[in-house]
Amino acid sequence: MTSPKINWICLLLLLLIVVKAAVMPAICLDYELRKEYITKNICVNRNRPQLHCDGKCYLAKKLAESQKQEEQSAENTYLASLIYQVMDTANPGLFTLQPVPHALHTESAEFAYTSPFIPQVAARQVFRPPLYA
């Protein structure tokens, strides 16, 4: 039996997929519903009726913008996942405050920097001594 929380998460993800898939048809539907207005007011070729553009330039521009936005979103998501994989998320603090002896009191605090981009040694996690019961 699944928990209600998982059901809501699945429903939300399904809704996001449906919304993303419905962007292009929504743009085409908007064009069809407002075709007359677009042809008369927005179309680049409205002063040249012999071209029979009928606002198709507007539709093509909107579809290209939507495609470009989707590609940028996918690229940003991919880059974010790459950065997340490289960074050590187990160590949230990159800077740690070093204790300063009282005799050497300075006016500024000293910090030690730990880079999250240092490759982790996986051997420590995989190889360990056997456990005897």
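These numbers come from the heavy atoms of this one structure, side chains and all, not from hydrogens, waters or symmetry mates.
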Exercise. Please collect all salt bridge (Lys or Arg N to Asp or Glu O under 4.0 Å) contacts where either partner lies in residues 15-27, sequence neighbours excluded, each pair once.
Key: none
Quiz item: Which residue pairs pass the salt bridge (Lys or Arg N to Asp or Glu O under 4.0 Å) test with at least one member in residues 42-59, sequence neighbours excluded?
Solution: none
Quiz item: Quick one: side chain to side chain contact (heavy atoms under 4.5 Å, CB included) partners of V23, sequence neighbours excluded?
Solution: I27, S66
Exercise. Sequence neighbours left out, what passes side chain to side chain contact (heavy atoms under 4.5 Å, CB included) with C10? Give chain and number order.
Key: I6
Quiz item: Can you list the residues that meet the side chain to side chain donor-acceptor pair (under 3.5 Å) rule with R34, with sequence neighbours excluded?
Solution: D30, Y58
Scan the side chains in residues 67-76 for donor-acceptor partners under 3.5 Å anywhere in the protein, sequence neighbours excluded, and list what turns up.
from	atom 1	to	atom 2	distance (Å)
N76	ND2	Q72	O	3.4

Distance (rounded to the nearest 0.5 Å) between [X] [atom1] and [Y] [atom2]:
{"X": "Y37", "Y": "I42", "atom1": "OH", "atom2": "CD1", "value": "4.5 Å"}
{"X": "L51", "Y": "C57", "atom1": "CG", "atom2": "SG", "value": "9.5 Å"}
{"X": "C28", "Y": "K62", "atom1": "SG", "atom2": "NZ", "value": "13.0 Å"}

Practice problem: Kindly give the cluster partners of L33, where membership spreads through any ILVMFWY side chain lying under 4.5 Å from a current member. | Solution: L29
Exercise. Identify the two heavy atoms, one from G55 and one from T39, that lie closest to each other, and give their separation to 0.1 Å.
Key: N-OG1, 4.1 Å
